[in-house]
A.B. asks: 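Here it is, the structure in full.
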There are 2 protein chains.
Amino acid sequence: MLQRSSSVPTTHEVRRAEGSAGTLEQPQRTTPAEPLGRGAGTLEQTKGSAVTERRKVAANTTLRDVAERVGVSVSAVSMALQDHPRIGDDTKRRIREAADELGYVTNSAARALRASKADAIALIVPNTSQHVFGHAYFMHVLTGVTAVANRNDAQVVISTSPDESHGKVAYDRVLRSGSVDGAIVTSAAVTDDGIQRLVADGLPVVLLGRFPYLPDAVSVGIDDVRASELATEHLIQAHGRRALVHLTGPLDHQSAIDRRDGFLAAAARHGVGTYIVEGDFSEESGAAAGPQIEALGDVDGLVAANDEMAFGAMRHLLGRGRRVPEDLAVIGFDDFGLSRVTTPSISTMHVPAERMATQATDRLFDLIGGARVAADEAHTVQPVELIARQSCGCEPMGRAQGGDKQ
Amino acid sequence: MLQRSSSVPTTHEVRRAEGSAGTLEQPQRTTPAEPLGRGAGTLEQTKGSAVTERRKVAANTTLRDVAERVGVSVSAVSMALQDHPRIGDDTKRRIREAADELGYVTNSAARALRASKADAIALIVPNTSQHVFGHAYFMHVLTGVTAVANRNDAQVVISTSPDESHGKVAYDRVLRSGSVDGAIVTSAAVTDDGIQRLVADGLPVVLLGRFPYLPDAVSVGIDDVRASELATEHLIQAHGRRALVHLTGPLDHQSAIDRRDGFLAAAARHGVGTYIVEGDFSEESGAAAGPQIEALGDVDGLVAANDEMAFGAMRHLLGRGRRVPEDLAVIGFDDFGLSRVTTPSISTMHVPAERMATQATDRLFDLIGGARVAADEAHTVQPVELIARQSCGCEPMGRAQGGDKQ
DNA sequence: CTGAAAGCGCTTACAG
DNA sequence: CTGAAAGCGCTTACAG
C-alpha cells in the first residue's frame with residue numbers, strides 16, 4: 001500500500017538507474033533504456049511560453065466588443081460570423097479578424113435562448129450510474145453517440161438518475177429545460193414509465209432496445225429472440241447438446257425477456273430439455289448460479305443471457321473441476337470485450353452496440369431536424385452475429401487468439 | 001449472420017416451447033421454465049394508459065404562464081420557486097401548485113444567461129473518442145464524475161475532440177461558451193497546450209494525472225514513479241527475478257514516462273538487468289512486443305505499463321509455449337477489469353480511477369464555488385495498491401478467483 | 001411585503 | 001446594403 005505523498009522524483013535519480021542498465025545487448029526494435037525525454041527537469045524552459053501572456057482573457061468577449069472594435073453594429077457582427085450573404089466579404093473578413101483577436105466565443109446560453117435550440121443531446125441512463133457504467137455496453141454506446149454528435153456539432157450531456165425512484169425527475173428536467181434538443185434513452189426497464197412520458201411529450205427521442213409497449217416510439221435494437229434462438233440452436237445442432245440451462249438477465253428488462261423466450265423457443269423446436277435460472281446480468285449472479293447448475297447433473301449446455309454471467313458461472317464450474325466445453329458447452333451474449341479475453345474464450349452473440357448507438361443518434365438528429373417517421377419504420381433492427389470461440393467447442397483450446405470483433 | 005427483420009415472436013410460439021420442458025426436476029432456487037411474464041401479448045392492455053392523455057404539454061411553460069394562472073407577478077413566481085423568504089408561505093404554496101399543474105420547468109438557457117452559471121461541468125477528453133473510450137479507464141472516470149455532479153445538481157457534458165488537430169477548438173468552445181462552469185481534463189498528452197491555455201484562462205479546471213509542466217494547476221493523480229518502483233521491486237524481491245523488460249506506454253504521456261522511470265529506478269537500485277520496449281497502451285502493442293521479448297532469451301520478468309499490454313504480450317508468449325509465471329513473471333498496471341478475468345490473472349498496480357475522478361470533481365466544485373487553492377495543495381496524490389494474482393506467481397494457478405478489487 | 005423594469009448576449013424581422 | 005429594435009425567459013436590484 002503506497003502512502004499519499006507528493007514527492008516528485010528528480011531526474012537525477014533516474015539517470016543513475018539508467019546507467020546501471022548498460023551491459024545487455026539490444027534486440028531489434030528494442031529501444032535502449034536511454035533518452036529519458038521530458039522529465040521534470042525541462043519544466044522551467046516551458047514555463048514562460050505564450051501561455052502566460054494570454055492570461056485571463058476577460059471571461060466574456062461579446063458581440064458588442066467585436067462590433068465596437070470594428071466600428072459596425074452588433075447585428076452585422078452576428079451575421080458576419082454566421083457567414084450571412086448580406087454582409088460584404090471585406091467587412092466579414094475584418095469582423096472575423098477582430099473576433100479572433102478578441103478571442104470571441106458565442107455565448108451558448110444566449111444563443112440557445114434566442115434560437116430555442118441547444119446544440120446538445122442527452123444520453124439518458126435511467127439507472128444509477130454505478131450500476132450501468134459497470135457494463136461495457138455503455139462504453140460502446142457512448143462512443144457511437146459522441147461520434148455522431150461531433151459530426152453534428154452538438155454536445156453530449158450524460159444524464160443518470162441519482163437514484164431509481166427519481167428517474168422521472170431526471171427525464172423531465174433535462175429534456176424540458178431546453179438544455180438539449182433531444183435524447184437517446186438506454187437501459188430502461190420495461191416498467192419505466194418515464195420513457196412513456198418522454199415519448200408522449202413529443203420530444204425528439206430515440207430508444208435503444210426493443211419496446212413493445214411503445215410501438216410508435218423511434219427505436220433501434222436487435223432481434224434478441226432470434227439471436228437467442230441462434231445461440232441455442234448452435235449448441236444443439238453444432239455441438240449435439242441435449243439438456244440446456246438458460247441463465248436469464250433481470251426479467252424486467254425486455255432484452256432479458258426476449259433472450260429467454262428465444263432460448264425456450266429453440267429448445268422446444270428441437271425437443272431438448274430446458275432449465276431456467278434467473279440472474280441479473282452480473283458476473284456475481286452467474287457465479288451464484290454455478291452451484292445450481294452443478295446440481296443439474298444431466299445438463300450439457302449453458303446459454304447465458306450475457307457474457308458476464310457466462311463467465312461467472314464458467315469460472316465457478318471450472319473451479320469445481322467441470323470441463324468447458326467438454327462437460328458443459330457455454331455460449332454467452334454481447335461480445336463487449338470480456339468474452340474474447342477469458343480462458344476458455346466465450347462463444348457469444350455479438351451485439352453491435354456502437355453501431356446501434358450510431359444509428360440511433362443519426363435518427364435522433366433526423367428527428368430534431370424535423371423528419372417524420374412512418375409507423376412501420378419506427379423500429380430498426382441491427383444484425384447480430386454468432387462469434388464461435390472456445391467455450392462451445394468450436395475453437396480448440398490452446399490457440400491464443402479468438403475470433404476478434406469490435 | 002442474422003438478417004434485418006422486425007418480426008415480433010408471438011407469445012404463443014413460446015408457450016409451446018415451455019410445454020416440452022416439463023419433465024426435468026427443479027433444483028432449489030431454480031425457477032421452472034414457467035411464467036413468461038410480460039411478453040408482446042400484453043401490449044394492447046397498456047397502450048391506452050395515462051401516457052396518451054398528457055400528450056404534448058406545450059414545449060414551454062414559462063414563469064409568465066404560472067404568474068398569470070396564480071395572478072401574481074413573474075418575479076413573485078421566480079422567487080417563490082427559489083424559496084425566497086420574502087414570499088409568503090401561502091403564496092408560495094399556490095405558486096408551486098400551479099407550476100406543478102402546468103408542468104413548469106426552468107428554461108436552463110435563460111437561467112444560465114442571466115445568472116452566468118450553467119450548472120454543468122465538462123469532462124474533456126482531448127483524444128478522439130474511439131481511442132479513449134476503448135479504455136476502461138474512462139468508464140471509471142465517468143462513474144466518479146457523474147456521481148459527484150449528481151450530488152451537485154449539475155449536468156455532465158462529454159467533450160471529445162473530433163480529431164487530434166482540433167483539440168484546442170474543443171477546449172475553447174466548450175469552456176468559454178459559458179455552457180459549463182468548469183472542466184475535468186483527462187488523458188492529455190504532455191505536449192497538449194490546450195490544457196495550458198485552459199488553465200491560463202483562469203477557468204475552473206481540474207486535471208486528472210500529474211502535470212509537472214503546470215505546477216500550479218489543480219490536479220489529482222497517483223505517484224506513477226513510486227507505483228512502478230513497487231511493481232518492479234515485487235518481481236525482484238518477492239520472486240527473485242534478475243532480468244526485467246519494461247513495456248512502456250506512449251512516451252508523450254506523463255504516466256508512461258513516470259512508469260518507465262520508476263521501473264528503471266527500482267531495477268538500478270537492485271542491480272538487475274533491464275530492457276525497454278516501447279508500446280502505446282494497446283493490447284496490440286503488447287502482442288507486437290511478444291516476439292521482441294522472446295528474442296531476449298534471459299529475461300525472466302515483465303513489467304508492463306498497463307494491463308492491456310501485459311495481456312497482449314502474455315497471450316503471445318503463452319501461445320509460443322512460454323510459461324507464465326514460471327518462465328516469465330508478469331506484472332501490469334491499472335486493474336480496470338481485464339487483469340482479473342484473464343488466465344493466468346494478471347498481477348497489477350491498482351489505480352483508483354473512480355476515486356481519483358470523485359476527488360477531482362469535488363475539487364472542481366470547490367473551485368467553482370470560489371475556493372482558492374494554495375500552491376502546495378494544487379496536486380493531490382491518491383494511494384495505489386499492489387494486487388498480487390497469478391501472473392507474478394503469488395497466487396497458485398487453478399484457483400479461479402483473483403484478489404478482486406473495484 | 002409586492003410589482004415593474006432592466007438586462008444577461010444573442011438573432012432576426014423591421015426600418016431606413 | 002446596413003443599423004436599431006424587439007424579444008427569447010429568466011433573476012435581481014430598484015420602486016412603490
Side-chain angles (χ1 to χ4, degrees), chain A residues 57-96 98-99 102-120 153 173 175-181, chain B residues 57-96 98-99 102-120 153 173 175-181:
Chain A
V57 177
N60 27 356
T61 306
T62 73
L63 284 184
R64 196 151 169 272
D65 298 323
V66 180
E68 278 171 5
R69 169 80 149 242
V70 181
V72 294
S73 72
V74 169
S75 355
V77 177
S78 171
M79 290 171 147
L81 261 23
Q82 291 171 79
D83 206 20
H84 192 104
R86 96 172 211 189
I87 306 291
D89 282 347
D90 186 58
T91 317
K92 265 183 198 163
R93 196 181 38 69
R94 281 166 47 224
I95 289 174
R96 290 207 185 108
L102 296 172
Y104 172 78
V105 175
T106 303
N107 178 307
S108 57
R111 170 175 287 169
L113 178 57
R114 186 57 235 239
S116 30
K117 68 190 285 284
D119 286 322
D153 284 316
R173 280 275 178 68
L175 278 138
R176 310 195 41 224
S177 71
S179 58
V180 296
D181 302 322
Chain B
V57 177
N60 26 356
T61 307
T62 72
L63 285 185
R64 195 151 170 272
D65 298 323
V66 180
E68 278 170 6
R69 170 80 150 245
V70 183
V72 293
S73 71
V74 169
S75 353
V77 177
S78 170
M79 288 170 150
L81 263 23
Q82 292 171 80
D83 206 20
H84 193 105
R86 94 172 211 188
I87 307 291
D89 282 348
D90 186 61
T91 316
K92 264 184 199 164
R93 198 183 36 69
R94 281 168 45 225
I95 289 173
R96 289 208 185 108
L102 296 172
Y104 172 79
V105 175
T106 303
N107 178 306
S108 57
R111 170 175 285 171
L113 177 57
R114 186 58 237 235
S116 24
K117 67 192 285 285
D119 285 321
D153 285 316
R173 279 273 177 70
L175 279 138
R176 308 193 45 220
S177 71
S179 58
V180 296
D181 302 321

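Throughout, protein chains are lettered first and strands after them, A, B, ... in sequence-line order, and every chain is numbered starting at 1. Predicted model, so just to flag it, every value in this text is computed and none were measured.
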A.B. asks: Please figure out whether B:Val74 or A:Met79 has its closest DNA chain D nucleotide nearer the 5' end.
C.D. replies: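 This one resolves to A:Met79.
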A.B. asks: Quick check for you: among C:dC10, C:dT2, C:dG3, whose closest atom lies nearest to any side-chain atom of A:Asn107?
C.D. replies: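 The answer is C:dC10, which lies nearest to the side chain.
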A.B. asks: Could you state the atom-to-atom distance from NE2 of A:His84 to C1' of C:dT12 in whole Å?
C.D. replies: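 Atom NE2 in A:His84 sits about 9 Å away from atom C1' in C:dT12.
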A.B. asks: Check the distance between C:dT11's P and A:Leu63's CG and give it to me in whole angstrom.
C.D. replies: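 Checked: the CG to P distance equals 6 Å.
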A.B. asks: Side chains of B:Arg96 and B:Asp83: closer than 4.5 Å at any heavy-atom pair?
C.D. replies: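 In contact.
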A.B. asks: Looking at the side chain of B:Ser75, which of D:dC8, D:dT11, C:dA5 is the nearest nucleotide?
C.D. replies: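 Among the listed nucleotides, the one closest to the side chain of B:Ser75 is C:dA5.
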A.B. asks: Examine D:dT11: is either OP1 or OP2 under 4.0 Å from a nitrogen or oxygen in the side chain of B:Ser78? Give yes or no.
C.D. replies: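 B:Ser78 to D:dT11 OP1/OP2: side-chain N or O found under 4.0 Å.
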A.B. asks: Would you tell me if any nitrogen or oxygen in the side chain of A:Arg111 comes within less than 4.0 Å of OP1 or OP2 on C:dT11?
C.D. replies: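 Indeed, a polar side-chain atom of A:Arg111 lies that close.
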A.B. asks: How many Å lie between CD1 on A:Ile95 and P on C:dC10, as a whole number?
C.D. replies: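 Rounded to the whole Å, the gap is 14 Å.
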A.B. asks: Using whole Å, what does the distance between atom P of nucleotide D:dG7 and atom CZ of B:Arg64 come to?
C.D. replies: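 Interatomic distance, CZ of B:Arg64 to P of D:dG7: 11 Å.
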A.B. asks: Write down the distance between CG (A:Asp119) and P (C:dC10), rounded to a whole number of angstrom.
C.D. replies: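 Checked: the CG to P distance equals 14 Å.
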A.B. asks: State, with a plain yes or no, whether a side-chain heavy atom of A:Asp65 is found less than 4.5 Å away from one of A:Arg69.
C.D. replies: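 Not in contact.
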A.B. asks: Indicate yes or no: at least one non-hydrogen side-chain atom of B:Val70 is less than 4.5 angstrom from one of B:Val77.
C.D. replies: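 Sidechains of B:Val77 and B:Val70: no contact.
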A.B. asks: In whole angstrom, give the distance that lies between atom CG of A:Leu113 and atom C1' of D:dC10.
C.D. replies: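 That distance rounds to 8 Å.
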A.B. asks: Base, sugar-phosphate or nothing for B:Ala115? Non-hydrogen atoms, less than 4.0 Å.
C.D. replies: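 Nothing, no nucleic acid heavy atom in range.
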A.B. asks: Do the side-chain N or O atoms of B:Gln82 get closer than 4.0 angstrom to the phosphate oxygens (OP1, OP2) of D:dT12?
C.D. replies: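 Yes, because at least one side-chain N or O of B:Gln82 sits under 4.0 Å from OP1 or OP2 of D:dT12.
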A.B. asks: With a non-hydrogen cut-off below 4.0 angstrom, is B:Gly178 in contact with a base, only sugar-phosphate, or nothing?
C.D. replies: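 Answer is nothing: B:Gly178 stays at 4.0 Å or more from every strand.
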A.B. asks: So what does A:Thr62 hit on the nucleic acid, given a heavy-atom distance under 4.0 Å: a base, only sugar-phosphate, or nothing?
C.D. replies: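 If one applies the 4.0 Å heavy-atom cut-off, A:Thr62 turns out to touch the sugar-phosphate alone, with no base involved.
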A.B. asks: Got a second to check how far A:Ser179's OG is from B:Arg111's CZ, nearest 0.5 Å?
C.D. replies: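 That separation rounds to 11.5 Å.
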A.B. asks: How long is the span from the CD atom in B:Glu68 to the CG atom in B:Leu102, to the nearest 0.5 Å?
C.D. replies: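 Reported value, rounded in 0.5 Å steps: 10.5 Å.
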A.B. asks: Using a cut-off of strictly less than 4.0 Å, decide whether B:Arg114 has a side-chain nitrogen or oxygen near OP1 or OP2 of C:dG7.
C.D. replies: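 False: B:Arg114 side-chain N/O out of range (4.0 Å or more) of C:dG7 OP1/OP2.
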A.B. asks: Could you tell me the separation between the CG atom of A:Asp89 and the P atom of D:dC1, rounded to a whole number of Å?
C.D. replies: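 Value for this atom pair: 11 Å.
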A.B. asks: Once you round it to whole Å, what is the distance between P of D:dT11 and CD1 of B:Ile87?
C.D. replies: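 The distance from CD1 of B:Ile87 to P of D:dT11 comes to 12 Å, rounded to the nearest Å.
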A.B. asks: Would you say A:Leu63 and A:Leu81 make side-chain contact, with heavy atoms under 4.5 Å?
C.D. replies: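 They are in contact (side-chain heavy atoms under 4.5 Å apart), so the answer is yes.
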A.B. asks: Under a 3.5 Å cut-off for both distances, is C:dA4 Watson-Crick or wobble paired, and to whom?
C.D. replies: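 Partner of C:dA4: none.
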A.B. asks: So what's D:dA13 paired with, Watson-Crick or G-U wobble, going by both distances under 3.5 Å?
C.D. replies: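 Base partner found: none.
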A.B. asks: Using a heavy-atom cut-off of 4.0 Å across all strands, would you classify B:Arg86 as base, sugar-phosphate, or nothing?
C.D. replies: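 Base: the residue B:Arg86, judged by heavy atoms under 4.0 Å, touches a nucleobase.
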